Amino acid sequence: MKILVVLPRFPYPLEKGDKLRAYHQIVELAKRHEIYLFCVSHIKVAPEAIAALQPFCKAIRVVKLNRIVCAKNIVANWFSSKSLQMGYWNTTRSKRAYKAFEREVKPDVVYNQMVRTMPLVARSPRPKVMDYQDALSMNMERRMERSRGFMHYILHYEFKMLRSSEYNAFSFFDALTIISEVDSEAIPHKKNGEIHIIPNGVDFDYFRPDASFQQPSHHYDICFSGNMSYAPNVNAARYLAEDVMPLVWNRRPDATLLLAGVNPKPSIRRLADDPRITVSGWVDDIRTAYASSRLFVAPLRIGSGLQNKLLEAMAMQLPCVTTSICNSALGAQDENQVLVGDTAEALADAIVSLLDDPQRAETMAKAGCSFVHENYGWHAAVSKLEAVLQSVVDKANVSK
């Protein structure tokens, strides 16, 4: 197949979940198909980032967004009752560039990621598959529930607009995919509407237990990682440091915490005022953060989708503690493959229990590692996507 992939961000470097998903899907699909990549980007894409994708793509087209134009589009969408983020990512220039690229490529199928790119491809005459990735409306709803004042009003507006767009996608696309069953259930389905579940995976050759990554001079008890400018991660990091860790320190006064991830906001950097907390910022190799920690904690209370950070940590054989919001998409067995808690007290109890009982921690780490190996390989996940894309192409060919 000749597949035209349309993304709202360039899929490299891999510091965001949507980039990681797109990158690995492209790498796998490129083994058997021709891939053409179209991206819009609000930042300049570095030559080395483009070079990382060139081995897998027949052609790459990137459209740099003008922030002033994007801001005007946000205002226009507000007054026309449309999603604000869809306005940000879609400009007249990007639409024209996309149409020209599609005419040039003549793809068998168009595969676009997230409702943000819907306006670019929705009217294309080509067979089309959209990956919701996760339920953005559910993400926005959870953020809305923990906000106040004007921000609550804005998030409530965006929640309604995204939910409407997610519903309308059934009218424009030949097939739809999403990351988990939980996210699928949050999408407002039409009658008999079907969304294919395409999970994320783990690069098991890269993320694996390996003593060579150990850093004895920088050893931490607890690690949490992620893009530290992304609201759900910011909320989780502060919750862990300000609400959970004081309860841990009551019983383990010397316990140390590593917050690893790109672009930490000032509120995150200030957490390092406590000498027991390290805020690393960008980490060249995130495996060093996992391998230098005793356990991994993902205390997310807002957001949606499947947390890649959990998959990676479990693949590196770390015992993991998380919330039911995360585990509902992950599907690990509580008390066996992972520990789940939804209050600061429950999370602190889980952390202390693993720190106090190394044998239990090791047993859980091995069970978690086996779980992700059995359920989250990229090859198996992308094979499901490949089947969806092929079925759409086959149907289009039959109808000609």
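Treat the numbers as computed from the prediction; the structure is a model and nothing was measured. Hydrogens, waters and symmetry mates are skipped; everything else that's a heavy atom, side chains included, is used.
Here Asp356 does not pair with Arg251 in a salt bridge; the nearest charged N to carboxylate O distance is not below 4.0 Å. Here Asp221 pairs with Arg294 in a salt bridge; the nearest charged N to carboxylate O distance falls below 4.0 Å. With respect to Asp285 and Arg287, a salt bridge is recorded, a charged nitrogen being found less than 4.0 Å from a carboxylate O. Between Glu102 and Arg61 there is no salt bridge, since no side-chain N of the basic residue sits under 4.0 Å from a carboxylate O of the acidic one.
The line from CZ of Arg238 to CG of Leu259 is 12.0 Å long, rounded to the nearest 0.5 Å. Between Arg103 atom CZ and Tyr98 atom OH the span is 11.0 Å, to the nearest 0.5 Å.
In Lys58, the NZ atom is not crowded: 12 or fewer heavy atoms of neighbouring residues, nucleotides or ligands sit closer than 6.0 Å. By the 6.0 Å contact criterion, NE2 on His373 is enclosed, its count of non-hydrogen atoms from other residues, nucleotides or ligands being greater than 12. The environment of Glu335 atom CD is dense: over 12 non-hydrogen atoms of other residues, nucleotides or ligands sit within 6.0 angstrom. Other residues, nucleotides and ligands place no more than 12 heavy atoms under 6.0 Å from the CZ atom of Arg96.
A donor-acceptor contact shorter than 3.5 Å is absent between the side chain of Arg116 and the backbone of Tyr88. Side-chain atoms of Asp357 never come within 3.5 Å of backbone atoms of Ser353 as a donor-acceptor pair (strictly under, hydrogens ignored). Listed for the Tyr157 side chain is no donor-acceptor partner under 3.5 Å among the backbone atoms of His152. The backbone N or O of Arg126 lies less than 3.5 Å from a partner atom in the side chain of Ser124, making a donor-acceptor pair. Formation of a donor-acceptor pair under 3.5 Å by the Asp342 side chain with backbone atoms of Ser324 is found in this model. The backbone N or O of Asp18 lies less than 3.5 Å from a partner atom in the side chain of Gln113, making a donor-acceptor pair. Ser292 contributes a side-chain N or O that, together with a main-chain N or O of Thr288, makes up a donor-acceptor pair within less than 3.5 Å. The main-chain N or O of Lys16 is never found under 3.5 Å from a side-chain atom of Asn227 such that the two would form a donor-acceptor pair. Lys95 contributes no side-chain N or O that, together with a main-chain N or O of Pro119, makes up a donor-acceptor pair within less than 3.5 Å.
The shortest side-chain heavy-atom distance between Lys265 and Met228 does not fall under the 4.5 Å cut-off. Counting heavy atoms from C-beta outward, Leu300 and Thr322 have side chains that stay 4.5 Å or more apart. Within the 4.5 Å cutoff, the side chain of Asn235 has no heavy atoms near those of the Arg142 side chain. Using a 4.5 Å heavy-atom threshold, the side chains of Tyr290 and Lys309 count as touching. The side-chain heavy atoms of Tyr111 and Leu385, taken from C-beta on, include a pair separated by under 4.5 Å. Inter-residue side-chain proximity for Leu7 and Trp89 is flagged as unmet; no heavy-atom pair is nearer than 4.5 Å. Side-chain contact between Asn200 and Trp378 is present, with at least one heavy-atom pair separated by less than 4.5 Å. Within the 4.5 Å cutoff, side-chain heavy atoms of Val121 are placed close to those of Phe173.
Taking each heavy atom of Pro264 and Val279 in turn, the nearest pair found is CB-CG1, 3.9 Å. Between Ser328 and Val182, the closest heavy-atom pair is O-CG2, 3.1 Å. Residues Ile286 and Ala260 share a closest heavy-atom pair of CD1-CB, 4.2 Å. Among all heavy-atom pairs drawn from Met130 and Val115, the shortest one is CE-CG1, 3.6 Å. Considering every non-hydrogen atom in both Met364 and Asn336, the closest pair reads CG-O, 3.4 Å. Among all heavy-atom pairs drawn from Ala315 and Pro209, the shortest one is O-CD, 3.4 Å.
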Worksheet item: Under the side chain to side chain contact (heavy atoms under 4.5 Å, CB included) criterion, do Glu386 and Lys31 qualify, and how do the steps go?
Response: CA-CA 11 Å; Glu386 187 176 20; Lys31 295 176 181 178; over 6 Å; no
Might you work through the side chain to side chain contact (heavy atoms under 4.5 Å, CB included) test for Thr91 and Asn66, ending with a clear yes or no? CA-CA 9 Å; Thr91 66; Asn66 182 302; over 6 Å; no
Practice prompt. Evaluate the side chain to side chain contact (heavy atoms under 4.5 Å, CB included) criterion for residues Met245 and Leu240: first the C-alpha distance (whole Å), next the side-chain angles of each, then the deciding distance (0.1 Å), finally the verdict.
Written response: CA-CA 6 Å; Met245 288 307 298; Leu240 177 57; 4.3 Å; yes
query: Can Phe38 and Val63 be said to form a side chain to side chain contact (heavy atoms under 4.5 Å, CB included), step by step?
result: CA-CA 8 Å; Phe38 181 91; Val63 177; 3.6 Å; yes
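Cluster annotation: Trp282 is not connected to Tyr12 through the hydrophobic network of ILVMFWY side chains, with a link wherever side-chain heavy atoms come within less than 4.5 Å. Met314 and Val340 are members of different hydrophobic clusters when ILVMFWY side chains are connected at heavy-atom separations under 4.5 Å. When hydrophobic clusters are built by joining Ile, Leu, Val, Met, Phe, Trp and Tyr residues whose side-chain heavy atoms come closer than 4.5 Å, directly or via intermediates, Val392 is not grouped with Ile178.
Sorted by first then second residue, the side chain to side chain donor-acceptor pair (under 3.5 Å) pairs that include residues 36-53, not counting sequence neighbours, are Glu34-Tyr36. Judged as a salt bridge (charged side-chain N to carboxylate O under 4.0 Å, His left out), not a single pair has a partner in residues 156-183 (not counting sequence neighbours).
Under the 30°/60° scheme for interplanar angles, the aromatic rings of His156 and Phe159 are found to be tilted. The aromatic rings of Tyr153 and Trp78 sit perpendicular to each other, their planes meeting at more than 60°, with 30° as the lower class boundary.
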